[in-house]
Asker: 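Handing you this structure, nothing more for now.
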Amino acid sequence: SMLIVLAAGPVQPVKALMATVFVSQTGSGTACTSDNPCDLATGLSTVDAWGTLYAAGGTYTASSGNEVVKFSIAISMFGGWDGVSDPGSLVIDPDQYVSILDGQNARRVVTADSIIGTPRLSGFTIKNGNADGLVAGCTASEPAGCGGGIFISNAALTIENCIIEHNVAATTYASGAYYGYGGGVYIQNPAGVTITKSIIRQNTASAATDITGYDIGYGGGIHVSGSADPEDLIITNNEISENEVAEVSHLGWGAGFYIVYSSGLISGNFIHDNNAPIRPNWGPMGVVICGSNNEVSHNRIENYAAPSAE
């Protein structure tokens, strides 16, 4: 007979995931409860698939990595929690308790790439994102950066009641990497993307120095490309304003948004005061929508600034 002896080290505890977690700017520890919130990074690693994360008013950043938030599972994130532990009354008011996801001009703010299910982002301000050099997964031509605020590729995401502002897709250029796509939001092959009741303002596709004759920015506010079923792209009831394609050269397409080779519903949006480039024989290019299957209705478009491209 043979005697087999198995030597084992100490048993490591398995971290229990939670259906509901609470985070705050000054949170610590791993409890992630309403009376003992954790920080954002801990909360994101603690919440279970299909779970919910509540963020108290405050500013959330990252000290490393390519983004502040990367969705790896389908969760719902709600900003605007008042930070008070009251089991009988959960107060969510994004206007009063402002929850900011801040890229600090050092990284993209949010990434959703090839995930299962539909995550939700509600009641946040997404600002100061910089995607310069972040081109992994971006299939656009010769990109220098894609999706300063939010990058979505082959995935679903619901964005509601958010403010997306002061983000930039690209700030430099090099041979083979000329263009900035989607200063505020970059969407590629949407698989159930909804943007609704949000403000998308003062975003820039490219802030690179002038490249004479190049259209270096595409989609100051929003850029969408790839194929999709009509129900896979819904952009409704948003305010899209003061975005621009190229900060220096003013050369590009779609200061408000640029949608090409896709189908979807674009309805009820107020699109105004975007810094639209003048195209010879075209006029101001504030909104560009290509593709035969887009339903475009009840949008209000007005007050385009139109700098001349020298």
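These values consider heavy atoms only, across backbone and side chains, with no hydrogens, waters or symmetry-generated copies.
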Asker: Does a side-chain N-to-carboxylate-O contact under 4.0 Å join R107 and E67?
Answerer: no
Asker: Indicate whether any N or O donor in one side chain lies under 3.5 Å from an N or O acceptor in the other, for H272 and E239.
Answerer: yes
Asker: What heavy-atom pair brings I126 and N167 nearest, and what distance separates the two atoms?
Answerer: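 The answer is O-ND2, 3.2 Å.
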Asker: Can you say whether the rings of Y54 and F22 are parallel (under 30°), tilted (30 to 60°) or perpendicular (over 60°)?
Answerer: parallel
Asker: Do you know the tightest heavy-atom contact between I222 and I240?
Answerer: CD1-CD1, 4.2 Å
Asker: For P190 versus I187, what's the shortest heavy-atom pair and its separation?
Answerer: CB-CG2, 3.7 Å
Asker: Quick check on the 6.0 Å ring-centre criterion: do W81 and Y97 meet it?
Answerer: no
Asker: Whether the N105 and N128 side chains hold a donor-acceptor pair (N or O, under 3.5 Å, no angle test) is what I'd like checked.
Answerer: no
Asker: Does E160 have any salt bridge (Lys or Arg N to Asp or Glu O under 4.0 Å) partners at least two apart in sequence or in another chain, and if so, which?
Answerer: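 Partners of E160 by the salt bridge (Lys or Arg N to Asp or Glu O under 4.0 Å) criterion, ordered by chain and then number, come out as R120.
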Asker: Taking atom types as modelled, find out whether S267 and S297 have a side-chain donor-acceptor pair closer than 3.5 angstrom.
Answerer: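 Distance-only check passes for S267 and S297.
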Asker: Just by distance, no angles: are the side chains of H166 and Q202 close enough, under 3.5 Å, to form a donor-acceptor pair?
Answerer: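 Present: a donor and an acceptor within the cut-off.
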Asker: Under a 3.5 Å cutoff, is there a donor and acceptor pairing between the side chains of T172 and D132?
Answerer: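 The criterion, which ignores hydrogens and geometry beyond distance, is satisfied for D132 and T172.
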Asker: What's the separation between atom OG1 in T59 and atom CG in L40, rounded to the nearest 0.5 Å?
Answerer: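 That separation rounds to 11.5 Å.
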Asker: Sort out for me which residue in W253, Y179, Y186, Y218 forms a ring-ring contact (aromatic ring centres under 6.0 Å, His included) with Y258.
Answerer: Y218
Asker: Answer yes if the side chains of D113 and T111 hold a donor-acceptor pair under 3.5 Å, and no otherwise.
Answerer: no
Asker: What's the shortest heavy-atom distance between A169 and G182, and which atoms?
Answerer: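 Heavy-atom minimum between the residues: CB-O, 3.7 Å.
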Asker: N36 and T33: side-chain hydrogen bond (donor to acceptor under 3.5 Å, both in side chains), yes or no, with the steps?
Answerer: CA-CA 5 Å; N36 191 10; T33 58; 5.2 Å; no
